[in-house]
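Following: one structure in structure tokens, then a few remarks.
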Number of protein chains: 2
Amino acid sequence: MREGVRTGAYLPGELYSVYQLAEQLEVSRSPVREALLRLAEAGLVAFERNRGFRIVLPDPRDIAEIFGVRLALELPAVRRIADRRDPAVLAEIDHCAAAMREAARSGDRAGFFRDDQRLHELILRGSGNARAAAIVGSLRDTVRLLGASTAGRSRTLQEIETEHRPVVEALRAGDPGAAEQAMRDHLTRTGRLLVAQALGDADHTDALDRLWTEVVG
Amino acid sequence: MREGVRTGAYLPGELYSVYQLAEQLEVSRSPVREALLRLAEAGLVAFERNRGFRIVLPDPRDIAEIFGVRLALELPAVRRIADRRDPAVLAEIDHCAAAMREAARSGDRAGFFRDDQRLHELILRGSGNARAAAIVGSLRDTVRLLGASTAGRSRTLQEIETEHRPVVEALRAGDPGAAEQAMRDHLTRTGRLLVAQALGDADHTDALDRLWTEVVG
DNA sequence: ACATCGCATGTAACATGCTACTTATGTCCA
DNA sequence: TGGACATAAGTAGCATGTTACATGCGATGT
């Protein structure tokens with residue numbers, strides 16, 4: 001279901017029914033409904049009694065809040081990793097970063113985003129907090145809905161890769177301050193871009209700044 | 001269902017079945033199962049195929065991770081509130097703190113914890129991040145399972161109230177540093193106490209320290 | 001022309017039927 | 001007495017039946 005939303009097979013705002021979906025997937029209504037209820041629990045879809053359900057797009061404020069949470073969780077995480085310099089953790093991160101670099105070079109978009117996600121998860125898990133990793137994973141799912149409905153090609157893979165590099169380098173160097181700053185830059189850039197995307201096509205620089213300042217800081 | 005777990009009507013670790021529960025609640029299995037699936041999504045219960053389901057108690061590490069997340073989210077939140085000094089927000093917080101004080105004085109345990117929860121939520125919402133508030137609310141639900149199964153009377157209401165007071169005072173005074181420190185003290189104390197509780201009756205001071213250091217910092 | 005009402009349609013939510021599988025229990029044989 | 005084995009009970013998971021309700025459309029009356 002998540003996949004279907006991500007690939008754009010299902011459109012946000014449109015009314016769907018469990019009947020339709022069950023038929024389409026060739027299973028009964030129960031598992032479909034159960035899956036949708038779980039998604040609803042996470043806020044990705046909303047049921048309307050006796051009418052159907054919709055995929056709910058995160059609004060700009062949602063996006064800003066999500067990045068507020070991510071900053072709060074991921075900055076301390078990189079700090080801790082840089083502090084501890086656990087070889088096993090660093091090796092994993094290095095390996096993942098290399099895969100990402102390769103995916104960016106070869107233009108493998110799907111692979112790149114998978115590695116991106118994995119890198120952030122490795123950082124959070126490596127910092128010792130698996131629950132934080134799970135939370136961020138779920139937040140990313142929500143944001144991804146947005147990416148599916150807009151074009152989302154505002155940055156090249158190379159550019160995004162370039163933002164990650166200083167994070168990994170600071171981690172390897174064991175410099176908590178630099179790691180935090182690099183991660184802050186990366187998340188801020190990404191977050192502001194996505195908020196702008198959620199605000200629509202027009203230029204809303206002022207609205208963006210207001211929202212970002214109010215929610216994130 | 002949450003309520004039932006909290007009040008101790010259902011015991012963690014015990015095997016239950018959707019059949020039993022449906023009969024007990026005098027509804028059909030569907031809504032029971034759907035509700036349980038939602039709880040399972042949040043990690044509060046675990047299904048075992050063809051056997052039943054259990055209420056899962058958070059283990060000590062879970063508790064530590066939860067407080068790691070709470071610290072990450074709530075420290076910036078108090079900082080922001082102290083920085084901005086929004087009169088409306090401060091008034092709400094003040095009001096809530098007063099209610100808490102009164103509940104502590106009169107020994108109204110249920111009311112006290114409700115106010116406690118509300119205070120933390122007000123702080124997070126007031127900082128501009130409703131999603132962070134929702135996340136922390138969900139984490140509190142998980143921790144509460146632990147409180148229901150153990151006695152959890154290690155601190156008096158007065159003591160807990162005393163920990164909150166400096167937070168509120170620093171917020172009113174508009175001192176971000178003091179507010180952060182007060183909140184850090186409060187959450188650290190609470191978290192370590194609950195981790196100790198989750199570790200069991202015996203004295204595990206060393207294990208507690210190790211776990212706390214590894215997960216929280 | 002216009003407002004009102006009834007009805008057909010489609011839905012979520014709930015109830016119940018069905019199946020494959022896990023586990024415990026008792027039974028029969030060595 | 002001990003151990004393999006059939007057996008029965010109980011379960012999650014999936015399929016299907018049922019109910020109450022929201023909505024849109026069209027007929028009917030004004």
Side-chain angles (χ1 to χ4, degrees), chain A residues 1-59 62 131 134 137-138 141-142 144-145 148-149, chain B residues 1-59 62 131 134 137-138 141-142 144-145 148-149:
Chain A
M1 190 62 206
R2 281 178 205 266
E3 200 60 15
V5 174
R6 195 181 61 76
T7 61
Y10 306 105
L11 301 175
E14 211 71 23
L15 259 180
Y16 295 101
S17 83
V18 175
Y19 271 82
Q20 288 175 19
L21 215 62
E23 195 169 349
Q24 218 168 56
L25 302 177
E26 297 186 305
V27 291
S28 79
R29 309 191 307 268
S30 302
V32 174
R33 176 170 160 81
E34 289 166 1
L36 285 170
L37 279 172
R38 290 175 55 182
L39 291 183
E41 181 77 359
L44 275 65
V45 305
F47 276 88
E48 300 182 18
R49 180 166 182 121
N50 300 329
R51 283 179 46 76
F53 67 88
R54 298 176 199 278
I55 292 151
V56 287
L57 264 198
D59 62 30
D62 278 328
R131 193 172 282 257
S138 160
D141 280 345
T142 302
R144 201 181 306 167
L145 293 181
S149 66
Chain B
M1 190 63 207
R2 279 179 206 266
E3 199 61 15
V5 174
R6 195 182 62 75
T7 61
Y10 307 104
L11 302 174
E14 211 70 22
L15 259 180
Y16 295 100
S17 84
V18 175
Y19 274 79
Q20 287 174 21
L21 216 61
E23 195 169 349
Q24 211 170 9
L25 302 176
E26 297 185 306
V27 292
S28 79
R29 309 191 307 267
S30 302
V32 173
R33 177 172 159 81
E34 287 166 1
L36 285 170
L37 279 172
R38 290 174 56 182
L39 292 183
E41 182 77 359
L44 274 65
V45 304
F47 276 87
E48 299 182 17
R49 182 167 181 122
N50 300 328
R51 283 181 44 78
F53 67 88
R54 301 175 197 277
I55 291 151
V56 287
L57 264 197
D59 62 30
D62 278 327
R131 194 172 281 257
S138 159
D141 280 345
T142 302
R144 202 181 306 166
L145 293 182
S149 67

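Letters A, B, ... are given to chains in the order of the sequence lines, protein chains preceding strands, and every chain is numbered from 1.
- Rounding to whole angstrom units, CD of residue B/Glu34 and C1' of D/dG13 are separated by 13 Å.
- Looking at heavy-atom distances under 4.0 Å, A/Phe53 makes contact with sugar-phosphate atoms alone, never a base.
- Distances shown here put every side-chain N or O of B/Ser30 at or beyond 4.0 Å from the OP1 or OP2 atom of C/dA13.
- Proximity note for A/Arg51 (side chain, C-beta onward) versus C/dA20, D/dT23, D/dG13: the nearest is D/dT23.
- The side chain of A/Arg33 places an N or O atom within less than 4.0 Å of a non-bridging phosphate oxygen (OP1 or OP2) of C/dA13.
- Rounded to a whole Å, the CZ atom of B/Arg54 is 11 Å from the P atom of D/dA12.
- Between A/Phe53 and A/Tyr16, the ring-plane angle classifies as tilted under the 30° and 60° cut-offs.
- Within 6.0 Å of atom CD in A/Glu23, 12 or fewer heavy atoms from other residues, nucleotides or ligands are found, so the atom counts as exposed in its surroundings.
- Taking side-chain N and O atoms only, B/Gln20 has no distance below 4.0 Å to OP1 or OP2 of D/dG10.
- Distances from the side chain of A/Tyr19 to the nucleotides D/dG10, C/dT11, D/dT23 place C/dT11 closest.
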Step-by-step side-chain contact (heavy atoms from CB on, under 4.5 Å) determination, B/Asp62 to B/Thr142: CA-CA 9 Å; B/Asp62 278 327; B/Thr142 302; over 6 Å; no
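- Note that CG of A/Leu39 is 7.5 Å distant from CD of B/Glu41, once rounded to the nearest 0.5 Å.
- Atom CG of A/Leu37 is separated from atom C1' of C/dA13 by 10 Å (rounded to the nearest Å).
- Across every non-hydrogen atom of A/Ala46 and A/Val56, the tightest pair is CB-CG1, 3.8 Å.
- Note on B/Ser28: every side-chain N or O is 4.0 Å or more away from OP1 and OP2 of C/dT16.
- Whole-Å rounding puts the B/Asn50 CG to C/dC21 P distance at 8 Å.
- When the P atom of D/dG13 is taken as reference, atom CZ of A/Arg29 falls 19 Å away, rounded to whole Å.
- One atom, CD of A/Glu26, and another, P of D/dA15, lie 11 Å apart when rounded to the nearest Å.
- If you take CD of B/Glu48 and P of D/dA12, they are 10 Å apart, rounded to a whole angstrom.
- Atom pair A/Glu23:CD and D/dA15:P shows a separation of 13 Å (rounding to whole Å applied).
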